[in-house]
Amino acid sequence: DETPGKTDPSKCVVPFESYPMALNPTGRIVVTANNDIGDITHDNSLTNDEWYVGGPWMYGFRAQRIADLLGDKAKAGATLADMSEIQGDVKSPLGALHTAWLVKQLEAAADLAATDGLKSDEEERVVGLYAQLTATDVDDVIKRLKGWEKAGFVASSGVETFYTKPTDQTRANAVATTIFNAWFARFRSLVLDDEPMPGAYRFSNGSTRAVNYFVAGIGADNPLKQASFYKPTGQSIFFDRVGTAEVETARECALQAMIDAVAYLSSEVKDEGTGGFGSADHAKWLWGLRHQVKFESTIADFFSAAEGLT
């Protein structure tokens, strides 16, 4: 039998009938958004399925959000307007997952800074990191993140365009979105980039998933039974910074990431749409001024300016 995969399993040819598919699904919807649609990874194992239908997949936030929004509408029959609204949805599931925890770390650091008689070297280091942020920065960031949570973690652009005019609320959402994303990118880097595992997290979804797992597994009893759990700190050893004498913790990484985020956002603009905002005024840190996409024409090069097109 010369069928690919029959004589050479290393070719990994998945039979058509084994591909994930749905016919008249009971939920009346099928959702795909670069997510794992075959439940290959949902049990945290890549080795217990008949076939590996390869990724990489996104974390699943977008697909889950679509499913949540579409679920009730599907029962009544989704309209074109419903689908347009879902396509334009900008809630941040990642923000919803980590914002409360981040606020807790900032508030705990502020409390330690006001406490006499710190109990450990780790608390001393936390206070030292906290001192690198101004009280105004911390208070305003906490206020903005809490406001963002109340608003439903809407990642508004905050920028006026021909199709939308920002409000005070959408501007506030935009600033909080910028702060959170600048923080998370640096937090993720601090947790993972010092580990000697080149290529292990080539895709941002894989590294994000790992960091989410590490944060969720914080607790003295190792609630998620993590192999990387370090009992003295009650959390994954990945939070430790390789190359330092100390064993750092998650809240140290969280504070350092916020220090770096604030410094970056306050730094000078590099080019249009890149770099910092050239100001320490948080109100100027609008998400829509940095979270952009530019579409280049695929046919412009075939025309010359003399023909009236540039």
Side-chain angles (χ1 to χ4, degrees), residues 33 58-59 61-66 68-69 84-107 133-189 204-205 208 211-212 215 254-295:
M58 297 303 289
Y59 191 69
F61 285 140
R62 183 61 177 162
Q64 186 60 56
R65 179 64 175 159
I66 293 171
D68 291 344
L69 292 173
S84 177
E85 181 182 347
I86 291 172
Q87 178 65 29
D89 177 71
V90 291
K91 178 179 178 178
S92 172
L94 186 63
L97 187 63
H98 288 293
T99 295
W101 181 82
L102 170 57
V103 168
K104 183 178 179 180
Q105 308 317 304
L106 294 172
E107 291 180 333
L133 293 163
T134 69
T136 300
D137 274 331
V138 175
D139 291 345
D140 189 63
V141 165
I142 290 175
K143 181 180 178 180
R144 288 183 181 279
L145 291 176
K146 286 184 173 180
W148 194 41
E149 179 178 11
K150 187 176 181 179
F153 303 104
V154 179
S156 307
S157 75
V159 177
E160 184 171 357
T161 66
F162 69 91
Y163 55 84
T164 185
K165 186 176 181 64
T167 65
D168 290 343
Q169 182 62 64
T170 57
R171 289 191 190 93
N173 292 343
V175 173
T177 303
T178 299
I179 292 171
F180 173 80
N181 282 283
W183 168 79
F184 185 80
R186 286 155 181 79
F187 179 64
R188 181 177 59 195
S189 179
S204 63
N205 51 300
T208 296
V211 170
N212 294 345
V215 171
L255 285 167
Q256 184 62 62
M258 184 57 71
I259 293 167
D260 296 342
V262 169
Y264 167 74
L265 295 172
S266 301
S267 67
E268 293 303 313
V269 179
K270 290 184 178 179
D271 297 303
E272 184 179 358
T274 64
F277 290 85
S279 173
D281 181 359
H282 299 180
K284 295 182 179 179
W285 299 351
L286 299 176
W287 182 235
L289 294 178
R290 290 297 176 272
H291 187 65
Q292 301 174 342
V293 60
K294 181 178 181 180
F295 296 100

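These figures come from a predicted structure and were not determined experimentally.
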Q) What distance separates L265 CG from M258 CE, expressed to the nearest 0.5 Å? A) 9.0 Å
Q: Decide whether a cation-pi geometry holds between R144 and F180; the criteria are a distance under 6.0 Å from NZ or CZ to the six-membered ring centre and an angle within 45° of the ring axis.
A: no
**Q.** Exam field: side chain T178 to backbone W285, donor-acceptor pair closer than 3.5 Å
**A.** yes
(Q) Any side-chain to backbone donor/acceptor pair from T164 onto T161? Under 3.5 Å, distance only. (A) no
Q. CD1/I259 to CG/L133 distance, rounded to the nearest 0.5 angstrom?
A. 5.0 Å
**Q.** Side chain S157, main chain G288, donor-acceptor under 3.5 Å
**A.** no
(Q) Tell me if the aromatic rings of F187 and W101 count as close, with their centers under 6.0 Å from one another. (A) yes
Q.
What verdict does the side chain to side chain donor-acceptor pair (under 3.5 Å) test give for H291 and N181, after you've listed the backbone C-alpha separation in whole Å, the side-chain angles of each residue and the deciding distance to 0.1 Å?
A. CA-CA 10 Å; H291 187 65; N181 282 283; over 6 Å; no
Q | Donor-acceptor contact below 3.5 Å, side chain E149 vs main chain L145 | A | no
Q | Any donor-acceptor N/O pair, R290 side chain to G276 backbone, under 3.5 Å | A | yes
Q | Spatial distance of atom CG (D89) from atom CZ (R65) [nearest 0.5 Å] | A | 4.0 Å
Q: Nearest 0.5 Å please: distance from the CD1 atom of I142 over to the CD1 atom of I179.
A: 11.0 Å
Q.
Using a strict threshold of under 4.0 Å (side-chain N to carboxylate O), is an ion pair present between R171 and D168?
A. yes
Q. Taking atom CZ of F184 and atom OG1 of T208, what is their separation to the nearest 0.5 Å?
A. 4.5 Å
Q: Evaluate side-chain contact (heavy atoms from CB on, under 4.5 Å) for N212 paired with L97, printing each intermediate quantity in order.
A: CA-CA 8 Å; N212 294 345; L97 187 63; 3.6 Å; yes
Q.
Please check this pair: side chain of R186 against backbone of A182, looking for a donor-acceptor N/O pair closer than 3.5 Å.
A. yes
(Q) If we check side-chain contact (heavy atoms from CB on, under 4.5 Å) with D137, which of these qualifies: D140, T134, D139? (A) T134
Q) Within the side chain of W148, is there an N or O that forms a donor-acceptor pair under 3.5 Å with the backbone of V154? A) yes
Q) If you measure from NZ on K165 to OG1 on T170, what distance do you get to the nearest 0.5 Å? A) 10.0 Å
Q) Is the side chain of T99 donor-acceptor paired with the backbone N or O of G95 at a distance under 3.5 Å, no angle test? A) yes
Q: Measure from the side-chain N and O atoms of S266 to the backbone N and O of A263, and report whether any donor-acceptor pair falls under 3.5 Å.
A: no
Q) For N173, does its backbone N or O pair with a side-chain atom of W287 as donor and acceptor, under 3.5 Å? A) no
